[in-house]
Amino acid sequence: MQNLSRRFSTVPIHKLLPQQLHQHQPQPTRFFIPFSEFQQKRKLLEHKLISDLDGCANLSQVKEVHAHLLRHGLSQCCYVLTKLVRMLTKLGVPLDAYQRLVFLQVKYPNPFLWTAMIRGYTVQGPISEALNFYTCMRSAGTGPVSFTFSALFKACGDVLDVNLGRQIHAQTILVGGFAADLYVGNTMIDMYVKCGFLDCGRKVFDEMPDRDVVSWTELIVAYTKIGDMGSARELFEGLPVKDMVAWTAMVTGYAQNARPRDALDCFERMQGAGVGTDEITLVGLISACAQLGASKYANWVRDIAEKSGFGPTENVLVGSALIDMYSKCGSLDEAYKVFQGMKERNVFSYSSMILGFAMHGRANAAIELFHEMLTTEIRPNRVTFIGVLTACSHAGMVDQGRQLFATMEKYYNVVPSADHYTCMVDLLGRAGRLEEALDLVETMPIAAHGGVWGALLGACRIHGNPDIAQIAANHLFELEPDSIGNYVMLSNIYASAERWADVSRVRKMMKEKGLKKNPAYSWVETKKGVIHEFCAGETNHPEYAEIKKALDDLLNRLQAHGYQPNLNSAAYDLGIEDRKRILMSHSEKLALAYALLSTDAGSTIKIMKNIRICEDCHVFMCGASQVAGREIVVRDNMRFHHFSNGKCSCGNFW
DNA sequence: GTAGGGTTAG
């Protein structure tokens with residue numbers, strides 16, 4: 001029986017690859033030099049050629065080395081040629097242009113040279129050609145090396161072809177020994193999890209005779225990506241030696257799964273374990289702090305970044321993450337300072353800053369920055385456009401938004417996605433052009449997702465259009481049957497129109513589905529950095545009596561300035577007094593009253609909310625900023641409102 | 001040759 005794992009070919013290559021172009025004979029050996037001396041000289045030459053190749057920066061330099069190699073009769077030297085092929089792959093030289101010709105001149109390629117070609121095609125494509133080379137190599141009787149399989153698995157992972165991956169998996173078993181190889185196993189795990197077959201990856205992991213921290217980390221990350229932090233944690237705790245990458249995977253995993261406190265705890269454990277911190281760890285950590293939204297954590301994490309030597313001035317990754325964090329913490333000025341201080345900026349820095357401006361209602365600043373970016377060589381991407389379109393929509397700049405939307409594909413090669421259509425529907429809808437918005441959704445060239453219909457539903461709330469709202473809601477109930485917000489929104493729209501029968505119909509649907517409203521929460525940070533949480537209707541705060549009194553005082557002063565409760569915001573079929581009482585128990589009003597009691601006069605009050613601010617609270621905050629003479633910043637689940645002197649930065653568009 | 005990474009709209 002043929003030995004399948006035999007490493008070297010016995011069949012000349014020209015019999016296998018018929019498209020062979022040249023055939024160079026090996027140079028005759030110069031017999032007058034003693035063999036050992038000849039070998040030594042040749043070794044030195046090979047080393048020299050390899051180091052020359054290492055220093056090459058383009059194809060013509062490689063060609064020079066190649067000519068040098070041919071002059072010395074090394075056209076058959078697989079060792080140097082392998083390096084040459086790898087170098088050209090690294091430089092991005094198309095395989096068919098040069099490497100293939102070099103390869104075809106070699107009569108008996110060794111497994112490494114074959115593999116370099118296979119890897120070349122896995123990087124540049126087509127993957128079918130990589131497989132073709134693999135098949136030829138096997139037919140030549142040449143056994144693969146572990147790197148052959150890792151290259152192939154990587155390619156399958158990149159093109160998400162699990163069926164091909166499985167075939168190669170079978171080969172690793174058939175050829176013998178390779179399924180047990182550490183690197184092969186690791187790339188196999190990676191391939192399965194990338195293709196979405198986590199269980200298969202786990203099986204490979206469980207059956208591996210040797211594992212290293214890479215194998216563990218791959219799986220941990222896979223669990224964090226599907227949101228299974230329990231399994232990720234379990235694996236992580238079992239990992240004998242945790243390195244920086246593994247710790248970072250956990251910190252980032254928590255951050256990405258909306259568990260910022262756990263991310264911070266994990267980071268503290270990491271520091272306790274004496275593991276270092278790099279820019280990637282910081283990015284995860286900064287994202288966790290952004291979610292907490294408190295200046296205390298923002299300052300803390302910035303300090304860590306500076307002390308670890310990854311300050312925002314020097315490091316574009318950390319800088320961009322900090323811009324986003326400060327924007328989300330309500331400190332737009334601080335975000336802009338970071339942006340201005342950065343030595344290097346990229347599309348992430350610009351997009352984050354543009355989104356920051358948009359989030360805070362500074363539409364003109366966002367658009368100006370966009371134009372500033374266009375004067376650099378940085379090109380906008382899909383997220384940049386989300387930023388400018390959002391800015392336009394929040395400022396009611398319909399024509400400008402339309403114009404930008406029209407240019408994105410034409411000039412910047414960014415194909416509008418459903419997310420961009422969401423912005424456009426939002427833009428038209430907020431401006432009151434509900435029919436146009438509906439028309440856009442119905443005629444858009446790609447499928448509308450929940451976001452698009454949600455934008456339309458939101459616009460119907462602002463402009464009180466229950467009929468279009470019902471159309472949008474019907475689509476949303478199909479697309480997101482369990483999303484409570486859509487039912488609440490539709491019900492409120494009907495309530496505002498006093499269509500109580502429709503209200504109870506929607507309520508009934510919610511009840512049948514077993515859906516419950518999310519409780520509304522607000523947070524304020526006191527001057528000591530302590531965060532207080534308020535739930536709507538809650539009366540058990542230790543200082544409730546003072547809070548209630550402060551709120552009543554404020555209400556009286558506001559009423560003297562003409563404030564009238566907006567009863568539509570309490571969408572219940574109840575009496576007027578009950579509805580007024582409900583309005584006064586909204587969590588952001590409690591938080592505001594507490595902030596007035598517990599923060600310094602003259603300081604900005606920052607309130608965070610888990611759901612959208614209601615119209616009554618919005619009017620209330622406007623008035624409060626005036627009568628109390630305070631700046632108030634409210635972050636709801638969508639964006640920021642800056643209240644100052646009786647006005648809000650959102651211009652009542654939200 | 002294998003593992004961790006930033007901005008996303010209702």
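Only heavy atoms go into these numbers, but all of them, side chains included; no hydrogens, no water, no symmetry mates. Numbered from 1 within each chain, the chains take letters A, B, ... in sequence-line order.
- Every residue meeting the side chain to side chain contact (heavy atoms under 4.5 Å, CB included) condition with A:Val414, not counting sequence neighbours, appears here in chain and number order: A:Arg382, A:Phe385, A:Met408, A:Tyr412, A:His420.
- A:Val316 comes within 4.0 angstrom of a nucleotide base, judged by non-hydrogen atoms across all strands.
- The pair A:Arg362-A:Glu368 does not count as a salt bridge, with every side-chain nitrogen at least 4.0 angstrom from each carboxylate oxygen.
- With sequence neighbours left out, the side chain to side chain contact (heavy atoms under 4.5 Å, CB included) criterion links A:Leu292 to A:Pro260, A:Arg261, A:Leu264, A:Tyr297.
- Residue A:Thr281 is in base contact, counting any heavy-atom pair closer than 4.0 Å across all strands shown.
- Looking at residues two or more places apart in sequence or on another chain, you find a ring pair (Phe, Tyr, Trp, His ring centres under 6.0 Å) between A:Tyr350 and A:Phe339.
- Scanning for ring pair (Phe, Tyr, Trp, His ring centres under 6.0 Å) contacts around A:Phe477 gives A:Tyr487, with sequence neighbours left out.
- Residues A:Glu237 and A:Arg269 are paired through a salt bridge, judged by an N-O separation under 4.0 Å between the basic side chain and the carboxylate.
- Not counting sequence neighbours, A:Phe197 has no partner by the ring pair (Phe, Tyr, Trp, His ring centres under 6.0 Å) test.
- At a threshold of 4.0 angstrom between heavy atoms, the contacts of A:Thr252 are confined to the sugar-phosphate backbone, with no base atom among them.
- At the heavy-atom level, A:Asn315 lies nowhere under 4.0 Å from the strands shown.
- Residue contacts for A:Val283: at a heavy-atom cut-off of 4.0 Å it reaches the sugar-phosphate backbone alone, with no base atom in range.
- If you check every strand for non-hydrogen atoms under 4.0 Å, A:Asp419 touches a base.
- Using a 4.0 Å heavy-atom distance criterion, A:Leu355 is classed as a sugar-phosphate-only contact.
- Here A:Thr115 pairs with A:Val145, A:Phe147, A:Thr148 under the side chain to side chain contact (heavy atoms under 4.5 Å, CB included) rule; sequence neighbours left out.
- Residue contacts for A:Leu182: at a heavy-atom cut-off of 4.0 Å it reaches no nucleic acid atom on any strand shown.
- In this structure, A:Thr422 reaches the sugar-phosphate backbone alone: every heavy-atom distance under 4.0 Å involves primed, P, OP1 or OP2 atoms, never a base.
- For residues 240-248 of chain A, proximity to DNA chain B is found at A:Asp243, A:Met244, A:Val245, A:Thr248, defined as any non-hydrogen atom under 4.0 angstrom from a strand atom.
- A:Arg119 comes within contact range of no nucleotide atom at all, as no heavy-atom separation falls under 4.0 Å.
- Taking every nucleotide of DNA chain B with any atom under 4.0 Å from a non-hydrogen atom of chain A, the first and last of them, 5' to 3', are B:dG1 to B:dG10.
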Enumerate donor-acceptor pairs with a distance under 3.5 Å from any side-chain N or O in residues 278-290 of chain A to protein atoms, sequence neighbours excluded.
residue	atom	partner	partner atom	Å
A:Asp278	OD1	A:Ile280	N	3.0
A:Asp278	OD1	A:Thr281	N	3.1
A:Asp278	OD1	A:Thr281	OG1	3.1
A:Glu279	OE1	A:Asn315	ND2	2.7
A:Thr281	OG1	A:Thr248	OG1	3.0
A:Thr281	OG1	A:Asp278	N	3.4

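- Note on A:Gly450: a base of the nucleic acid sits closer than 4.0 angstrom, heavy atoms only.
- Within the 4.0 angstrom heavy-atom criterion, only backbone atoms of the sugar-phosphate kind lie near A:Gln256; the bases stay farther away.
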